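Here the structure is laid out as structure tokens; the discussion comes afterwards.
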Amino acid sequence: MGLLKINGKEQIFPDNKMPATIADLLGLLGVDSTTVVAELEGQIIERKNFSTTPLHAGQTIELVRFVPGG
Amino acid sequence: MDKLVIAGRKFTSRLLIGTGKFSSSKAMAQAIEAAGAEIVTVALRRVDIANKDDDMLSAIDREKYLLLPNTSGARTADEAIRLSRLARAATGINWVKLEVTPDPYYLLPDPIETLKAAEILVKEGFIVLPYINADPILSKKLQDVGVATVMPLASPIGSNQGLKTRTAIEIIIEQANVPVVVDAGLGLPSHAAEAMEMGADAVLVNTAIATAVEPAKMAEAFKLAVIAGRTAYLSGAAAESKKANASSPLTGFLRNE
């Protein structure tokens, strides 16, 4: 079992479903990676590195995107 | 109309549009088009995992428009810097509309945190467009740290009250060596025209257009007002006087005197 804190909420993944990379996580969540930027443990991860950035249980990740605003 | 130049980049339009509060992405896209805008602001927020397909901004042609991310929601310089870096990672563009608004009721910008953030962001290579209260001293200090524009508010964000800070904005314009973009509170095209007549370089409008019954029509009205105001400014306004000055000859009347 692995736990990730995603956008402020804790999410538990069974061992065989634990996403290995940020790209895996986005795939699992069904989030289109082309519009997303990620921050892992306070460090910005560029989109081109999503598939090579490993995730480990206990990490905090923020997934943000542009929304309408003034 | 003469071009607007921000950080060396030329723009034909002097009307910047905010993308918030539109009823649909279609209404937003039509309004941006009708406004003839070239710069549109967007915000950065957490992805809503439960509603992840809600990508309203896919309606914006990013080749045609410069997306200007804002740091709305930031209450401190540190939060604004974090948002700016995320926005840069998301767009690959280093332009940012810097907003630090700790007070949720009036959403007035914090001058100290804004200046602090601006200085750091400029050093990190950002093109910084700070949203500020209409404070001429702050404007000068921001210019000194290298911001690309100053964006003084006309009245509180989304209030549609118009140009309540006129006197201070006139001083800011007089002292500015970067473009002055009047932002926030412009509720009618006449407000925008007034700001442009005073010599503002551009205006930013969101609520007044997005919440109009017909946003695209209102966007066009703002576009025309901005063009009218700028053209009037460039024409050199005639002087105001207390007494009447006849426009018609004061001789040759059809009466015996």
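Only heavy atoms go into these numbers, but all of them, side chains included; no hydrogens, no water, no symmetry mates. Every value quoted in this text rests on a predicted model; they were computed, and no experiment measured them. By convention in this document, chain letters (A, B, ...) are assigned in the order of the sequence lines, proteins followed by strands, and residues within each chain are numbered from 1.
A/R47 places a side-chain N or O within 3.5 Å of a backbone atom of B/A90 that can act as its donor or acceptor partner. No donor-acceptor pair under 3.5 Å is formed between the side chain of B/K21 and the backbone N or O of A/P68.
A salt bridge links A/E39 with B/R82: the distance from a Lys NZ or Arg NE/NH1/NH2 to an Asp or Glu carboxylate oxygen falls below 4.0 Å.
Both the backbone and the side chain of A/L63 come within contact range of chain B, each with at least one heavy atom under 4.5 Å from a heavy atom of that chain.
For the pair A/F66 and B/T19, the minimum side-chain heavy-atom distance is 4.5 Å or more. When side chains are defined from C-beta on, A/V67 does not count as touching B/V42, because their heavy atoms never get closer than 4.5 Å.
A/G69 approaches B/N70 most closely through the heavy-atom pair C-ND2, 4.0 Å. In plain terms, the two heavy atoms of B/A89 and A/I44 that are nearest each other are CB-CG2, 3.5 Å.
Other residues, nucleotides and ligands contribute at most 12 non-hydrogen atoms within 6.0 Å of the CZ atom of B/R75.
In this structure, CG in B/L86 is found 14.0 Å from CZ in A/R65, a value given to the nearest 0.5 Å. Taking CG of A/N7 as the reference point, atom CD1 of B/I49 lies at 5.0 Å (rounded to 0.5 Å).
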Using a 3.5 Å cut-off and no angle test, enumerate the donor-acceptor pairs between side-chain atoms of residues 208-221 of chain B and protein atoms at least two apart in sequence or in another chain.
residue: B/T211; atom: OG1; partner: B/T207; partner atom: O; Å: 2.7

side-chain contact (heavy atoms from CB on, under 4.5 Å) between A/V64 and B/V47, worked out: CA-CA 5 Å; A/V64 296; B/V47 174; 5.5 Å; no
